[in-house]
Every structure is written in structure tokens, then in C-alpha cells.
Amino acid sequence: MRDLELALLVQAQGSIAGAARVLDLDPSSVSRSLAALEAELGVRLFHRTTRKLSSTEEGAAYLQRVAPLVEEMQAAAQAAVGARQAPSGSLRMTASVAFACQKIVPVLSAFSKRYPEVSVEVISSDANLDLVEQGIDLAVRLAPAPKGDLVSSKLMDTRYHLVASPAYLDRVGGLETPGDLRDHDCLRYALPGIGDVWRFRSDAEPFEVRVTGRHKFSNALALLEAAREGFGVALLADWLVAKDLAEGRLLELCPKYQATVSDFDTAAWVLYPNRRYLPRKTRAMIDFLRESLAG
């Protein structure tokens with residue numbers, strides 16, 4: 001188990017030296033553990049040069065499969081210890097402004113009741129903050145499968161909906177297909193590379209529609225409010241518009257089509273720096289978010 005944890009940490013850090021620094025070990029000790037694991041498996045896990053380390057094809061496939069198992073074993077061990085010692089301390093986490101307001105803040109009270117010795121700081125930011133540099137324990141990010149050195153775990157799938165207010169549709173009229181968006185005022189994200197081209201798919205091949213409109217917003221909450229006020233048609237995540245759709249403040253358009261401003265298969269992911277020595281407070285929040293957001 002320890003050799004597997006070391007291998008996963010080396011992969012996450014991108015170097016043997018980086019893993020050794022995290023664990024306060026001599027790099028030669030980490031190298032010996034890797035060599036022992038590779039000898040046991042009969043598979044080379046990493047390409048090593050004097051300047052670079054990268055996973056082999058076989059190593060990447062193997063570590064991808066064992067990572068969830070190692071994480072579950074660590075969680076089980078921490079749960080056993082946790083029966084004697086409750087999570088405590090200060091936890092710093094970050095999420096987008098909209099996700100923090102809509103999904104995290106509403107469940108913090110329940111988390112605090114369950115773990116009264118953990119204090120939580122929520123850093124709401126639409127920028128991808130550096131967790132290690134800024135001393136942040138975990139992040140929730142909305143994206144396809146995350147890339148990079150951070151460990152990631154899916155919290156929930158997300159889907160985008162094409163919506164408009166009843167007042168806007170009464171004034172301008174509805175639309176039969178996504179192609180009709182060219183004749184509508186579309187509310188767009190004022191973010192680089194996002195907003196002017198919306199993508200759709202049904203049973204046929206995916207296609208794109210270039211949209212225009214008088215208003216752009218850099219924040220999803222502002223875009224949501226603009227849609228409620230009848231400024232135009234918006235493309236918003238299910239977790240953001242579910243209540244408005246249920247209560248009739250917004251209406252879904254072209255429901256037979258799957259829509260997105262970037263990638264179709266997106267999710268909310270929790271990310272944290274490494275698997276090794278994950279504090280109980282961080283594990284508690286990850287498990288709590290997975291439980292709270294699963295529905």
C-alpha cells in the first residue's frame with residue numbers, strides 16, 4: 001500500500017524530488033520504493049530522465065485503476081481512526097461564486113452541526129486559484145475531467161439548459177430549434193473563449209450556433225438574474241436554474257437538445273493537492289459534499 005501511495009504521489013507531483021519533499025523523505029528512498037513496486041509488477045510505471053519524469057502508457061493505465069482503490073483504503077483507515085478522533089481545525093476551500101452561493105453555502109449549516117470542531121472559510125472566485133501556493137485545502141471546479149497535478153473526484157454530473165423568462169417569450173416569441181437563436185437576444189458569458197458559439201446535439205451529429213446579443217456577463221449569477229428579468233435567452237447549468245424552472249420563473253427551450261457553451265460532458269469536481277496524509281477535516285468535507293450533492 002505504501003509503495004502505491006508513493007507512486008501516486010510521484011505522478012501527482014511530477015517528480016520523485018517533489019514527492020520526497022511532500023513526505024520529508026530522501027529522494028533515493030522514494031526511488032527504491034518505485035523500483036520495488038515496478039519489480040513486483042513487472043511493469044515500468046515511469047519514464048525517467050535527468051530532467052523529466054512521465055508516466056508510461058502501462059503505468060498511467062495502472063495508476064488510474066488503482067487510485068480509487070487506494071483512496072478508498074485510506075478513507076476506510078481514516079474512518080476507523082475518526083471513530084476515536086473527530087475532524088477539527090480550519091478548512092479553506094474555493095469554488096466559483098455561483099456554485100458557492102447556490103450549492104455550498106446552503107449545506108454548510110448541516111456540515112457545521114456534524115463537525116462542530118471544523119471552521120470553514122469559503123473563497124468564492126471564478127478564477128482557478130493555486131491551492132498549494134495559497135494554502136487552500138480543496139476546490140470545487142466545473143469542467144470536463146480535470147487535468148494537471150491535483151487529485152480529482154467527481155461530485156456530480158452537470159447539464160446545461162436553454163432558458164428564457166415567460167415575459168421575454170411573450171414579447172419576442174419562442175423558438176422551434178436551436179438555429180432560431182440567431183433571431184434572439186442571447187445572454188452570453190464575458191469570458192475568454194466562451195459565449196459566442198453555443199453547441200448542441202440530439203440523435204444527430206453535434207452542431208454549433210453562433211449567437212449574438214446586447215448583454216454579456218462575467219458571472220453566472222448575474223446572467224441568471226438577467227434571464228429572470230427578461231433580457232434574453234440564456235444557457236445555464238441545471239444546478240443553477242432547477243428552482244426557477246420548477247417555479248415557472250424560467251422556461252426551458254428546445255429540451256430535446258443537449259446544449260453547452262464548452263463541453264457536453266461536464267461535472268462538478270472536488271480537487272485537492274495529494275492523496276497522502278489527507279487531513280480528516282478535508283476528507284470529512286469531501287465525503288459530505290459527495291453525500292449532499294449526489295441528489
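As a basis for the values below, the full set of heavy atoms in this structure was taken, side chains included, without hydrogen atoms, waters or symmetry mates.
- Within 6.0 Å of CD on Glu247 lie more than 12 heavy atoms contributed by other residues, nucleotides or ligands.
- Residue Gln134 places its CD atom among more than 12 non-hydrogen atoms of other residues, nucleotides or ligands, all under 6.0 Å distant.
- A 4.5 Å side-chain heavy-atom check between Trp198 and Arg188 finds at least one atom pair inside the cut-off.
- To the nearest 0.5 Å, atom OH of residue Tyr189 and atom CG of residue Asp196 are 13.5 Å apart.
- From Gln102, atom CD reaches atom OG of Ser96 across 9.5 Å, with rounding to the nearest 0.5 Å.
- Defined by atom type and a distance below 3.5 Å, a donor-acceptor pair is missing between the side-chain atoms of Thr94 and Ser125.
- Using modelled atom types, one side-chain atom of Asp185 and one backbone atom of Arg214 make a donor-acceptor pair closer than 3.5 Å.
- Between Phe99 and the choices Leu240, Leu142, Leu221, the side-chain contact (heavy atoms from CB on, under 4.5 Å) rule is met once, by Leu142.
- Put simply, the side chain of Val118 reaches to within 4.5 Å of the side chain of Pro87, judged on heavy atoms.
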Item to complete: Could you check Glu225 against Arg228 for salt bridge (Lys or Arg N to Asp or Glu O under 4.0 Å), going step by step and ending with a plain yes or no?
Response: CA-CA 5 Å; Glu225 189 60 29; Arg228 289 171 176 164; 3.0 Å; yes
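- With a 6.0 Å cutoff to the six-membered ring centre and a 45° limit on the axis angle, Arg201 counts as a cation-pi contact of Phe264.
- In this model, no donor atom of one side chain and acceptor atom of the other lie less than 3.5 Å apart for Ser165 and Arg249.
- Heavy atoms only, all atoms of each residue included: Pro273 and Leu150 are closest at CA-CD2, 3.8 Å.
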